[in-house]
Amino acid sequence: MDADPRPPAPQPQTGTPTPRGRRPVAAALMLGMALAALDSTIISTAVPQIVGDLGGFSVFSWLFSGYLLAVTVSLPLYGKLSDTFGRKPVLLAGIVVFLIGSLLCAGAWNMGTLIASRIVQGLGGGALQGTIQVIAADLYPLKERPKIQARLSSVWALSSVAGPAIGGVLAGYADWRWIFLINLPVGALALVLIARHLHEPRRHRDGRPRIDWAGALGVFLSGGLLLTALVQGGVAWSWLSAPSLALLGATAVCAAATVWIERRAAEPIIPGWVWRRRTISAVNLAFGALGLLMIAPTVFLPTYAQSVLGLGPIPAGFVLSTMTLSWPIAAALSSRVYNRVGFRCCAITGMTAATLILAAFPLLPYPGAAWQPALIMLLLGGALGLFQLPLIIGVQSSVPWAERGTATASILFCRQVGQSVGAALFGAVANATLASRLADAPDAIRPGLPDDLDSVSRALEHPGALSDRAAGYLRRAVDTAVDHVYLGAATAALLALLALVFLAPRRFPVHAEGETESGAEAGAGTGAGAGTESGLVAGDETEARAGDETEARAGAGAGGGAKAGARARAEGGAKAGTETETGTGTDAGTGTDGRADTAPLTTPEAGGAGSGRPETGQRPRP
């Protein structure tokens with residue numbers, strides 16, 4: 001769905017909305033993004049009311065973990081389905097599943113049914129997160145794409161920050177079930193806007209599309225077992241216990257089986273090219289490291305602000321919110337950077353700054369003032385805005401329409417897995433640091449001290465049972481633990497930086513704007529050309545190959561467009577010589593009789609329709 005026509009050639013009838021017609025679709029995308037972001041955080045402040053009503057305190061953490069697990073393992077499947085059947089049906093189905101899950105959550109009668117309903121909701125959330133990003137890339141050409149991506153980032157940031165406050169208000173002044181019921185009108189509006197205003201080109205396929213259900217099951221099982229091991233390990237049981245070892249072993253077996261299945265599948269859920277292409281594999285690794293490092297500010301900074309700085313929940317939330325303010329602003333401005341230096345260099349600049357900022361956190365004075373970590377988060381948000389958005393746009397621009405959903409889902413999947421690994425890894429780092437500090441506590445204050453981060457945080461929230469000396473010692477221990485977590489996050493940022501420096505190509509290949517699914521398939525027989533190399537243009541990644549070069553590439557058929565030479569443009573009839581080629585991709589003047597080919601050259605300007613394939617004995621040109 002390319003919305004940037006290439007004059008003077010007429011565009012194929014793809015149903016692409018005009019800039020004005022894109023507005024309802026963009027509004028629907030932002031509504032869907034708000035739903036996905038809100039439901040990842042809105043429930044956090046309502047947990048006491050939910051547990052008080054339904055019980056199940058020992059398993060309430062699965063309200064978050066179940067949703068995260070369902071979103072993560074479903075992302076690759078939705079990416080493949082959107083490439084196979086189109087974005088619109090996948091997004092509509094995802095919204096419907098999400099709303100059904102929300103309705104089931106509102107009607108839950110015990111903790112078990114609520115957790116199961118949250119998993120259903122997460123299955124819909126996976127479609128929202130992945131498909132929205134892909135539709136945004138389809139609707140907007142490369143030069144306009146940062147605007148819509150920045151809007152989506154802003155919606156995600158504001159919704160994530162506002163979620164706990166909204167959840168607390170609804171749980172305190174209404175009923176916790178309204179947390180899920182408010183999704184219904186918002187989701188219904190997004191559903192109507194998408195159904196009425198999003199129009200995709202007709203897609204022509206040879207034969208019936210095949211779905212790799214065995215591979216999808218393998219991805220579900222592998223991801224589910226891994227995330228369960230990471231979420232429960234060190235919490236419900238120790239890391240070296242039988243349940244942890246069994247889950248990790250089963251994960252390895254399922255992952256090996258999934259790789260075996262995917263290598264033999266005709267249409268794999270996670271195709272091998274995701275890892276064989278340097279651009280996508282490097283970005284996948286970098287996004288896994290991004291998910292890893294994001295655990296430090298999102299999980300541990302509120303604990304630091306409350307336990308060390310003595311702030312309340314709301315001021316602690318504002319300390320974190322400074323990152324969500326600078327992130328979308330930097331993302332919106334990132335196009336000015338990568339248009340000059342390229343996607344890779346822009347991302348390297350952002351991650352270099354993020355590495356230094358995270359490493360600077362342990363240098364903050366103790367106990368310090370609230371503005372100091374707030375400033376750190378403000379700078380970190382700006383750095384990550386320069387890192388994330390250029391890589392998303394770069395990956396989406398490096399693949400044709402039919403691969404964009406899979407490529408986008410792969411990087412989001414890696415980020416989600418990185419977050420799960422980071423939560424387990426940094427939780428273990430923080431608890432190990434606290435255990436070491438508490439073991440070294442003076443004998444006079446050691447009796448009665450808590451033994452893990454959650455217990456320490458609760459004790460410092462109600463310090464009446466602690467002496468001033470014990471409370472001060474615990475605050476210092478929390479400060480040390482969070483410092484170690486931020487050093488770990490800086491190490492993760494360094495890993496992301498190394499992936500870009502040593503694995504990513506210096507210049508991202510960029511797929512020509514007009515040579516998408518709508519141009520290659522819907523344009524067959526209508527004059528929309530696509531090169532025989534899938535339209536992949538190597539060179540400056542900041543250009544969409546517009547202007548004169550685009551006109552020079554305008555062809556006559558899907559898969560074999562005519563190219564004008566550097567000194568002559570084909571306007572109608574064939575021209576003899578060595579620099580003008582016929583509409584079927586055959587060199588003029590290279591016929592079998594040694595004479596110039598006299599067949600007329602079919603061009604989009606002339607309104608002709610190309611054959612879409614070279615004739616016998618003719619040599620196709622890239």
Kindly give the heavy-atom pair with the smallest separation between [X] and [Y], and that separation in Å.
X	Y	value
Ala493	Thr355	CB-OG1, 3.3 Å
Arg404	Ala137	NH1-O, 3.4 Å
Arg344	Ala504	NE-O, 3.5 Å
Ile280	Ser410	CG2-OG, 3.9 Å
Ala330	Gly381	CB-O, 4.4 Å
Gly385	Pro390	O-CD, 3.8 Å

Residue pair [X] / [Y], side-chain heavy-atom distance below 4.5 Å:
X	Y	result
Leu193	Val25	no
Thr349	Phe387	no
Leu91	Ile95	yes
Thr406	Pro271	yes
Arg145	Ser397	yes
Val395	Thr408	no

Stepwise side-chain contact (heavy atoms from CB on, under 4.5 Å) test for Ile329 and Leu333: CA-CA 6 Å; Ile329 294 175; Leu333 298 176; 4.2 Å; yes
Would you give the length of the straight line joining atom [atom1] of [X] to atom [atom2] of [Y], rounded to the nearest 0.5 angstrom?
X	Y	atom1	atom2	answer
Trp275	Ser281	CH2	OG	7.0 Å
Thr352	Leu386	OG1	CG	11.0 Å
Ile393	Tyr338	CD1	OH	3.5 Å
Ile135	Ile194	CD1	CD1	5.5 Å
Gln419	Leu292	CD	CG	10.0 Å
Leu500	Cys346	CG	SG	11.0 Å

Any residue meeting side chain to side chain donor-acceptor pair (under 3.5 Å) with [X], in chain and number order, not counting sequence neighbours:
X	answer
Ser334	none
Gln388	Arg415
Arg151	none
Thr131	none

CH2 (Trp273) with more than 12 external heavy atoms under 6.0 Å: yes
Arg196 atom CZ, over 12 foreign heavy atoms within 6.0 Å: no
Give the table of side-chain donor-acceptor pairs shorter than 3.5 Å for residues 67-77, with sequence neighbours excluded, one pair per line with atom names and distance.
from, atom 1, to, atom 2, distance (Å)
Thr72, OG1, Leu68, O, 2.8
Ser74, OG, Ala70, O, 2.7
Ser74, OG, Val71, O, 3.2

Tell me whether [X] contacts the main-chain N or O of [Y] through its side chain, where contact means a donor paired with an acceptor under 3.5 Å.
X	Y	answer
Lys88	Ala195	yes
Gln396	Gln133	yes
Lys80	Ile270	no
Ser82	Gly79	yes
Asn183	Leu99	no

What side-chain donor-acceptor pairs closer than 3.5 Å can you find for residues 118-130, not counting sequence neighbours?
from, atom 1, to, atom 2, distance (Å)
Arg118, NE, Leu63, O, 2.9
Arg118, NH1, Asp39, O, 3.1
Arg118, NH1, Gln121, OE1, 3.0
Arg118, NH2, Asp39, O, 3.1
Arg118, NH2, Leu63, O, 3.1
Gln121, NE2, Asp39, OD2, 2.7
Gln121, NE2, Ser102, OG, 2.9

Would Glu403 and Arg277 pass as an ion pair if we require N to O under 4.0 Å? yes
Matching residue for Ile132 among Val155, Leu29, Ile148 - test: side chain to side chain contact (heavy atoms under 4.5 Å, CB included): Leu29
What residues form a side chain to side chain contact (heavy atoms under 4.5 Å, CB included) with [X], not counting sequence neighbours?
X	result
Thr258	Val219, Ser222, Glu262
Ala257	none
Leu225	Leu247, Ala250, Thr251, Cys254
Ala354	Met351, Leu380, Ala383, Leu384

Show, in sequence, the C-alpha distance, side-chain angles and deciding distance for Gln416 and Phe287, and conclude whether the side-chain contact (heavy atoms from CB on, under 4.5 Å) test is met. CA-CA 9 Å; Gln416 293 287 106; Phe287 264 65; over 6 Å; no
Verify salt bridge (Lys or Arg N to Asp or Glu O under 4.0 Å) between Glu144 and Arg22, making sure each step is shown before the conclusion. CA-CA 12 Å; Glu144 297 183 40; Arg22 288 189 311 221; 2.8 Å; yes
